[in-house]
K.L.:
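Mind looking over this structure? Questions follow.
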Amino acid sequence: MPMDFSYKETWLHKINPSLKLLVMVLIFIHLLLIHNTNILINYMIGMLVLYLFFTGHPWRRLLVISIPFLFIFLTSSTSMIFFGKGEITWAEWGLVHITEESFFRGLHLGFRGIIFAVLGIVFALTTRPVFLFYSLMQQLKLKPKYAYSFMAAIRLIPLMIEEMQTLHYALKVRGVQGEKGVRGFYNKLKSYSIPLLSQSIRRAYRIAVAMEAKRFSIPGNRTYFYRLGFSKFDVIFLCYLLVIIPLAYITANHFPYFSITDVRFGR
């Protein structure tokens, strides 16, 4: 039975993909320069608003996707909290040494990881790969041979998944799935990898020949099926960020969540 991945299109889907990509990269770099945990918390709230209310996906699906966020937060923060260094000791059990400095560094690292994950998911849920590569060609002047190569590779993923399912059923009928132990694992790995790899090589060769026949390697002006540009939704997106980011700093300074705010790693 096919999976239902329907969603409602929002203004985030209508933002120019190249602009969205560049803004996301700048936000990632900006996050690396923030050492104030209170600012990161406010930053995270602002990005969660985009994720929860403007991606257009059902709440149940968003909650399921959010499960890895909690895992990212726990793994990244606890490793720093339990084994970090600091001067003010809160608790100590053998190798576990929790200090005030390590606690806030752990929270800082965890919140930063959540923001990275949220931004990445927002971009993935609201950006069609085809529009992204068309925008890269039209706005950022990416060469068509590279853009169409990436698009062809992305289109191969569903085909490979379908082939893997077909191969799985065929191997199950033949009894290969019933083997146990190391030998069984090796036989399964060989049974899956060789057919999938050979099919992928043949398909990639056919795509390369087709692209060469359509003169993708020759520079020059090309026509596009989709014409992408900038719109009012790009302005809305930039205005939202221009409000949220300064507000995160102002709120953190006047209404801090924690008294210790400046967290610098390596000190």
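Here, residue 1 is the first one in the sequence, and each next residue gets the next number. Nothing here was measured: the structure is a model prediction, and the numbers come from that model.
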K.L.:
Has Thr37 got a side-chain atom pairing as donor or acceptor with His108's backbone, closer than 3.5 angstrom?
P.N.:
no
K.L.:
Answer yes or no: is there a donor N or O on one side and an acceptor on the other, between the side chain of Ser66 and the main chain of Phe69, under 3.5 Å?
P.N.:
no
K.L.:
Return yes if some donor-acceptor pair links the side-chain N/O of Asn38 with the main-chain N/O of Tyr257 below 3.5 Å, else return no.
P.N.:
yes
K.L.:
Provide the closest heavy-atom pair for Ser102 versus Ile81 in the form atom of the first, atom of the second, distance.
P.N.:
OG-O, 3.2 Å
K.L.:
Would you say Lys20 and Thr127 are linked by a side-chain donor-acceptor pair, where the criterion is simply a distance under 3.5 Å?
P.N.:
yes
K.L.:
Just wondering, are more than 12 heavy atoms of other shown residues or ligands nearer than 6.0 Å to CZ in Arg60?
P.N.:
no
K.L.:
Do you know the tightest heavy-atom contact between Leu196 and Ser200?
P.N.:
O-OG, 2.8 Å
K.L.:
How about Ser135 and Leu140: do any of their side-chain heavy atoms sit closer than 4.5 Å?
P.N.:
no
K.L.:
Is Ser76 reaching over with its side chain to a backbone N or O of Ile72, donor-acceptor style, under 3.5 angstrom?
P.N.:
yes
K.L.:
Determine the minimum heavy-atom distance between Leu142 and Met137, stating which atoms define it.
P.N.:
O-CG, 3.5 Å
K.L.:
Under 4.5 Å between any side-chain heavy atoms of Leu109 and Phe73, yes or no?
P.N.:
no
K.L.:
Are Tyr7 and His13 an aromatic pair by the rule of ring centers under 6.0 Å?
P.N.:
yes
K.L.:
Can you find a pair of side-chain heavy atoms, one from Phe28 and one from Ile115, that are under 4.5 Å apart?
P.N.:
no
K.L.:
Linking directly or through intermediates, with side-chain heavy atoms under 4.5 Å: list the remaining ILVMFWY members grouped with Val209, chain and number order.
P.N.:
Tyr205
K.L.:
Distance from Ser18 atom OG to Gln138 atom CD, nearest 0.5 Å?
P.N.:
8.5 Å
K.L.:
Above 12 or not: heavy atoms from other molecules or residues under 6.0 Å from CD of Glu9?
P.N.:
yes
K.L.:
Report yes if the side chains of Ile65 and Leu125 come closer than 4.5 Å at any heavy-atom pair, otherwise no.
P.N.:
yes
K.L.:
How long is the straight-line distance from CZ of Phe111 back to CD1 of Ile45, given to the nearest 0.5 Å?
P.N.:
9.0 Å
K.L.:
So which heavy atom on Phe54 is nearest to which on Leu12, and how close?
P.N.:
O-CD1, 3.3 Å
K.L.:
Would you call the rings of Phe237 and Trp11 parallel, tilted or perpendicular, where under 30° means parallel and over 60° means perpendicular?
P.N.:
tilted
K.L.:
For Leu62 and Phe53, what are the C-alpha separation, side-chain angles and deciding distance, and is it a side-chain contact (heavy atoms from CB on, under 4.5 Å)?
P.N.:
CA-CA 10 Å; Leu62 294 177; Phe53 298 103; over 6 Å; no
K.L.:
Check whether any side-chain N or O of Arg112 sits under 3.5 Å from a backbone N or O of Ile34 as a donor-acceptor pair, and report yes or no.
P.N.:
yes
K.L.:
Do Asn42 and Thr251 have side-chain atoms, one donor and one acceptor, less than 3.5 Å apart?
P.N.:
no
K.L.:
Name the one of Asn16, Leu136, Leu228 that satisfies side-chain contact (heavy atoms from CB on, under 4.5 Å) with Phe131?
P.N.:
Leu228
K.L.:
Kindly indicate whether the side chain of Leu132, heavy atoms from C-beta on, has any atom under 4.5 Å from the side chain of Phe123.
P.N.:
yes
K.L.:
Would you check if Leu241 and Met47 make a side-chain contact, meaning some heavy-atom pair closer than 4.5 Å?
P.N.:
yes
K.L.:
When rounded to the nearest 0.5 angstrom, what distance separates CD1 in Ile27 from CG in Leu32?
P.N.:
12.0 Å
K.L.:
Run the side-chain hydrogen bond (donor to acceptor under 3.5 Å, both in side chains) test against Arg128 and tell me which residues pass, sequence neighbours left out.
P.N.:
none
K.L.:
What are the two closest non-hydrogen atoms of Ile245 and Tyr249, and how far apart are they?
P.N.:
O-CD1, 3.1 Å
K.L.:
Grouping I, L, V, M, F, W and Y whenever their side-chain heavy atoms are under 4.5 Å apart, do Ile244 and Val235 come out in a common cluster?
P.N.:
no
K.L.:
Between Tyr43 and His30 (judged by ring centroids, cut-off 6.0 Å), do the two rings come close enough to count as a pair?
P.N.:
yes
K.L.:
After noting the C-alpha distance and the side-chain angles of Glu163 and Arg203, does the key distance pass the salt bridge (charged side-chain N to carboxylate O under 4.0 Å, His left out) rule?
P.N.:
CA-CA 12 Å; Glu163 285 183 0; Arg203 190 176 287 110; 2.4 Å; yes
K.L.:
Kindly say whether Ala252 contributes a backbone atom to a donor-acceptor pair with the side chain of Asn36 at under 3.5 angstrom?
P.N.:
no
